[in-house]
Amino acid sequence: MTTSILETKPMTSEQLILAETDGAVGVITLNRPKVLNALNPELMHQLAEQMEAFDHDESIYVIVLAGSERAFAAGADIGDMADRSTIEMYMRDQFATWERVKKIKKPIVAAVSGFALGGGCELMMHCDVIIASDTSQIGQPEINLGVMPGAGGTQRLTKAIGKAQAMDVILTGRFLSATEALDAGLVSRVVPVEHFFTEALKVAKKMATKGPIALRLAKEAVLKAHEMHLSEGLEYERKLFYILFATEDQKEGMHAFMEKRKPEFKGK
Ligand code: CAA
């Protein structure tokens, strides 16, 4: 059978991600353990589909994205790319699927352990709160393969940790330890390896007790900090803040505070 270079649709029915729910949290686990969760186009397709399904599911407020203890993800699938030509890479545009992950509106908590490299680091940076185990090794080693990051690494890493550190990581291909990543502002918290998933779930569950509309708009506003100049960003934030006064959750949240009780958010 001949395959077209334009083909981006899934070719197998293998489950390359696992999905489950825990209350208002949707949990997605990458499931290619033999290749350290290398991100091939089929996996990214399944991931985008599931993320969109959770994003549209009104009973889900927060998403957790996890890898395994050994690897969050060791990058884009090298075997899948090694012999491709420029035109093949350009025409199939494998990173277009990543745009779908970028567009997810609900907050995503990453549960990271072991290797988060290349596309794995880039996928991690698509998430909003990053819980990393103390065994995490994070980097953009594409330079060792004769290429460079292609799924946002040069932009997001530089914004996250600054030019000097990003240049060091991207141009030498060295891995950051969990503590270095925390100090550089690349991850949110570092926890002992045995707790990395439970801690991420705990953080997600705590977030899921908040008003879901406020969560979404707050994520949207923080992401604008990366995309806009300060004055536009401030204006954008102010608009979203005022918009939240059209929700029942804002009335409930503020009244509950004044009445010294816990708020009951409804997502309205
Ligand atoms: N793609 C495909 N397969 C991969 C992979 C990847 N990115 N990373 C690891 N694997 C496979 C290995 O080939 C190996 O398979 P076999 O058992 O069939 O040989 C298996 O996973 C286990 O890996 P190792 O035996 O190498 O395990 P290790 O503990 O000795 O080393 C590692 C772990 C340091 C992560 C090493 O596997 C490695 O360097 N991986 C590649 C990391 C990398 O370069 N990532 C960037 C990819 S390009 C990219 O991501 C572009 C982009 O911008 C999106």
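Atoms within each ligand, like the ligands themselves, are counted from 1 in listed order. FYI, side chains are in, hydrogens and waters are out, and symmetry mates aren't considered; it's all heavy atoms of this structure.
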Taking both backbone and side-chain atoms of [X], is any N or O found less than 3.5 Å from an N or O belonging to ligand 1?
| X | answer |
| --- | --- |
| Q140 | no |
| A76 | yes |
| G119 | yes |
| F175 | no |
| W98 | no |

Sole candidate of I131, T135, D134 that passes side-chain contact (heavy atoms from CB on, under 4.5 Å) when paired with S113: T135
L117, I108, I138, L65 screened by side-chain contact (heavy atoms from CB on, under 4.5 Å) with M124, the one that passes: I138
Residues R261, E252: salt bridge by 4.0 Å N-O rule: yes
Protein heavy atom at shortest distance from atom 10 (N) of ligand 1: V35 O, 3.8 Å
Protein residue, atom and distance nearest to atom 38 (C) of ligand 1, heavy-atom basis: L117 CD1, 4.9 Å
Winner among R70, M44, K34, M148 once heavy atoms are compared against atom 14 (C) of ligand 1: K34
Among L36, L123, I78, closest by any non-hydrogen atom to atom 1 (N) of ligand 1: I78
Under a 4.0 angstrom heavy-atom cut-off, which atoms of ligand 1 come close to [X]?
| X | result |
| --- | --- |
| G150 | 52 (C), 53 (O) |
| F95 | 54 (C) |
| L145 | 44 (O), 47 (C), 48 (S) |
| A38 | 1 (N), 2 (C), 6 (C) |
| P141 | 43 (C), 44 (O), 45 (N) |
| E122 | 52 (C), 53 (O), 54 (C) |

Test salt bridge (charged side-chain N to carboxylate O under 4.0 Å, His left out) applied to D128 and K105, R216, K219, the passing residue: K219
For K106 against I60, the heavy-atom pair lying closest together: NZ-O, 2.7 Å
Ligand 1-proximal atoms of N144, by part, heavy-atom distance under 4.0 Å: neither
Side chain, backbone, both or neither: A74 near ligand 1, heavy atoms under 4.0 Å: both
contact_flag P149 ligand 1 heavy-atom lt 4.0 Å: yes
Rounded distance [0.5 Å steps], CE in M228 versus CG in L223: 11.5 Å
Nearest-0.5 Å distance that lies between atom CD in E42 and atom CD in Q15: 11.0 Å
Within the 4.5 Å heavy-atom criterion, are [X] and [Y] side-chain neighbours or not?
| X | Y | result |
| --- | --- | --- |
| L186 | L157 | yes |
| V190 | F196 | no |
| L217 | L244 | yes |
| E248 | F265 | no |

Any side-chain donor near an acceptor of the partner, T247 and D249, under 3.5 Å: no
Short side-chain donor-acceptor distance under 3.5 Å, Q50 and Q46: no
For [atom], is the nearest protein heavy atom under 4.0 Å away?
| atom | answer |
| --- | --- |
| atom 16 (P) of ligand 1 | no |
| atom 36 (C) of ligand 1 | no |
| atom 27 (O) of ligand 1 | yes |
| atom 24 (P) of ligand 1 | no |
| atom 12 (C) of ligand 1 | no |
| atom 53 (O) of ligand 1 | yes |

Atom CD of E49 with >12 non-hydrogen neighbours under 6.0 angstrom: yes
